[in-house]
Amino acid sequence: MKYLPKQIEKKWQKAWEEKNIYSAKNFSQKKKYYALVEFPYPSGDGLHTGHVRGYTAMDIIARKRRMEGHNVLYPIGWDAFGLPTENYAIQKGLHPTVITKKNTDTFRRQLKSLGFSFDWDREINTTDPQYYRWTQWIFLQLYAHGLAYKQKMFINWCPKDKIGLANEEVVDGACERCGTKVEQREKDQWMLRITAYAEKLLKGLDAVDYIEAIKLQQKNWIGKSEGTRIEFPIHYVAGSSQSPENIGANSIEIFTTRVDTIFGCTYVVVNPKHPILDANRALIKNWNAVELYRAQAEKKAGAQRREIEKEKTGVKIEGVCVINPATKKEIPLFVSDYVLAEYGTGAIMAVPAHDERDFSFAKKFNLPIIPVITAHAESTPNADEVYTGEGLVINSGKFIGMESEKAKKVIADFVHGESEVHYHLRDWVFSRQHYWGEPIPLVFCKQCEQRIKGGTFKKGIFSKGELSNPGWIALKDKQLPLELPKVKKYQPTDTGESPLAAMNAWTKTVCPVCKGEAVRETDTMPNWAGSSWYFLRYIDPQNKKALADGKKMKYWMNVDWYNGGMEHTTLHVLYSRFWNNFLYDIGVSPVAEPYKKRTSHGMILGEGGIKMSKSRGNVVNPDGVVQAYGADALRVYEMFMGPFDQSIAWDPGSIAGCSRFLNKVWDISMNKVSARTSASEDLKYKINTTIKKVSEDIESMSFNTAVSTLMIFVNTCYALEEIPKNVWEQCIKLLAPFAPFITEELWHQLGHKKSIHIDMWPRFDEKHLRSAMTPLVCQINGKKRAVVEIPAGTEKEGALKLALQDRGFATYAKDKEVIKIIFVPDKIINLIIKD
RNA sequence: GCUCGGAUGGCGGAAUGGUAUACGCGCAACACUUAAAAUGUUGUGAUCGCAAGGUCAUGUGGGUUCGAGUCCCACUCCGAGCACCA
C-alpha cells in the first residue's frame, strides 16, 4: 500500500466528524483543559499560513492533553465584523452578511481539511445577532457603571477608509490598514474608561503565566509612573501694565517623578492648551507671540508631531514668572508643545541637567543648567552632559550628600508635594463611523436630557452612565439585540457620519425611559469589541438568557493556554483582560484574569524573508500545499521550520523533506513492524528518551526539536530489520498530535478499532533513560584528543584506565606530568599536564 | 533615543558550562532505469596532508574557567515594540 494523503485525510476527516471525538463535555469528571487560539477574521483571501502555524501548535497541545486524559475545550469561531468585508461589499454591491457567509464557509472547509481538533458544535460568529446581543449587553453594563462616556475629541481620521482610528491603529502617522496619512478631526466619540482598570490590569500580570516579553509589553503600555505633584507660585514681574491683584491664577501645578532634582529646576514649561495662559492673559506682555505659537502647535498636533521631534520650539512668557519652591528663586515660564496636554498636569518643572528633553530646550533658549545629582561622590558634574540616573544629591541646600532615591521623599515634603500616580494608558476610543460593526445600543432623548440637567427626575431611574452623559439613554435588555438595519448603501461618508445616520426610519425611535421621541446612536463598535469576550461564549454558545451560564463558566474558566499572534499582545490581550476584569467585578465572570497562560508565535514571511502580501504576490495558500503533500506534511513542516516564537521565511523545499519523513513512517509501519514485543536494551533506551524529549518539547513549544527528535528515532527504526509493534506504536502516538491523519490510518492498519487520538499518551520509564555504554570525551588541557566508549556510571579511576587504553590519547599523556584530572561522570575526562 | 529579542555551514536551524554544526533543505557521486523523475546508499564547515592526523572556525575585541556558542565587560550589525509620558 502506498501513502496517499489525499485519500486517508478525507476518510478520517469524515470519520472524526461523525464520531464527534473532539467535542468538549460540560461538567465532565475528567480534568478540564481550555485551549484557545485567536479566532480568525474571515477575509476573502482565505486561510493564511500564519493561521496554520498557531492553530497547529495549540492543536498539538489540545491533542496531547486529550491523550493525557483531560476533557479538552478547543473551540473556533469567526471575528467577522470589519472593514475589508465592508469595502468588498461596497465594491461588489453585495451585502456584508452574504460575503461573510461565503468567507466563513471557505475558512471552515480549510480548517477542517487541516485536521484541527476543534469542537465544531461551539462555533461562534461575532456578526450573529445572537452573539452581538451580548457584546451590546456588556457595553450597556459598562455604561451603567460609568465606564463609557461620550467626549468631543480629536480623532485620527483616515481619509481613504473614512473611519476614525484608535491611537493604537495609527502606525507612523498612517492608517494601520491602508497606509494613508491620518488627519485630525474633531468628533464626539464614545470612550471606554480602561484607565480606571490600569492598576488592576497591571497587578493582574503578577498572577498569570505569560511569557516575559508579553508581560513587559503590557506593563510598558500601561506605563505606570509614581511621582509628585508640586505647586509653583506665579510671580508678577515688575513693569507689567497690571497690578498683582489682577493675577488670574496664582500657581501652576506640575507633575514630576524626579522631585529630588528640583533644586536644578531652572524654568517651568506649560503646554499650549494650558488654562494658565488664558487666565493670565492680562499680565502676559507678549500675548501675540503666545497666541501665534498656540495656533502653530494646534496645526501640527497629533500624528504629525513626530516630524518636528528634533528641534524643540517654544515661547518665553513675558511679564509672568514662577518661583521654584525649593530655591525660592524666580525662574522663567515657557510655553512649548514638547509638554503634553493629556499627561500629568500639562506642566513640568524643567531640570536641564538631568533630563534630555529639558536639556535640548535649555540649550536652544540659553537657559541655565545646574547639576544637582552626581553619579559618584568623586566625579565632578559636567554641565554639558545630561545625567538621568540616580546618585548623590549636590547643590541642594540641606539635602546635599543624600542618595537621590532617599531624597525624593524628604524633598517632596520640603516643597509640600503630594505623591501621585500617572499612567500612559489612555481611554479607549470605542466609536466607529461604519456600517459593519455592532450598533451601539443607546438613543438620544432631548426630554430626558432636560430632566437630567434640570435635576427633575425620580431617583434611580437613570444609571450612572446616563447621568453623566445627559440625554443618552440605554436600551432595555429585552430590546437587545439591536440589529443592524438592512440598508441599500453602507458607504462611509466624508462628513464622518456613520452610514446608519442616513437611515431615518431606523434612527427615529422611542426613548426607553420616557417613551418620548428619541434618535438612535449611529456609531458602531470597533473590531476589538466582539473579540474582547468571545472566550466566554464558547463555553455556552447557544445560551439565550445570558452571555454564558454561570456554572459552566465556573467549570471552564479560565483559559488554560491562549496562543496568538505577536501583534495582539498589547491591544487585544489588554482589552479582553479589561472586559473580563470588569465582568468579574459585576459578578458575571467567575475569574478576574481570563488567561492563565499566554504565548505568541512568530510571523511566517515569504520566501527570502520578505513579508507575504498580495501586492508582492508571494502569499502561500495552504490549499495548494494540502493538495500537493497533504495536511500532515504541512502541519509537520510548519512545526519543524524553526523556533515557534520567531518569525521565519517560507521554504517549499523543506515541505518535501517533511513529506519524505511521513513516507518513511508509512513505509516502516507497513513493512517492518513485527508482532514480537521484546525490544533490545538499546531500542528501549532510544524510545524512552524520545518519549521524554518529545513530551517536554511540546510543553515548551519547542516543536522544531520535537519533530527532529521523532525524525531521529524514525531513522533508527528505518535502519533496523524489524521493530517490535509495542515500540512502534509509542512512536506513532508521539507523532499523532503533529500528523493526525497518517497516524490514525496506521493505527487502524495495526489492528486498532478506536481512534489513536483518544488513546493514552506514552509514558517513559526512568530506568531506560540511560544507555549501557556511553561515549567519554578525553581531553588534554581542555582539547579533545579522543572519544572512548565506556560503561555508563564508570568511576574516575576506571574511566582514566579506559581512556589511556586508547592509543592516540595515551601518546599525548605519555611522559607528561599530570597536574590535575577533571572528571565528569559519563561525559568527560580532562588531563591537565605540564608542557 | 529607550526597551526587548537575535547574530552558529551554501540555506532553515540544533546544542542542562563538557564531542559545535543534531535534524531538515541544497549540492555531489553511486545504485535502480532505455532515459528522466521518484526512491535508496554514501559524502558534504574551512584549510594543510597520499594518509594517519593536524590547524582554524559560533558578529568584533577583551575577561572568567581545566574547558565558553553558552557566563561577565565593551562594541558592531539585524529584527520587533515604544516613542517628547517629565
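In what follows, chains are A, B, ... by sequence order, proteins preceding strands, each numbered from 1. Any value given below was found using the heavy atoms of this structure, including those in side chains, with hydrogens, waters and symmetry copies removed.
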Less than 4.0 angstrom between a side-chain N/O of [X] and OP1 or OP2 of [N], yes or no?
| X | N | value |
| --- | --- | --- |
| Y343(A) | rA86(B) | yes |
| Y812(A) | rG54(B) | yes |
| N220(A) | rA83(B) | no |
| N704(A) | rA14(B) | yes |
| R660(A) | rU39(B) | yes |
| K783(A) | rC56(B) | yes |

How far, in whole Å, is [M] from [N] if one measures between their [atom1] atoms?
| N | M | atom1 | value |
| --- | --- | --- | --- |
| rA22(B) | rA14(B) | C1' | 5 Å |
| rG59(B) | rA15(B) | P | 16 Å |
| rG9(B) | rC23(B) | C1' | 14 Å |

_Sub-4.0 Å heavy-atom contacts from residues 642-657 of chain A onto RNA chain B, ordered by number_ =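 Within residues 642-657 of chain A, the residues near RNA chain B are P643(A), I648(A), G653(A), G657(A).
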
Protein-nucleotides 73-77 of chain B N/O pairs under 3.5 Å:
none

*Where does rG9(B) land, syn or anti, given syn is within 90° of 0?*
syn

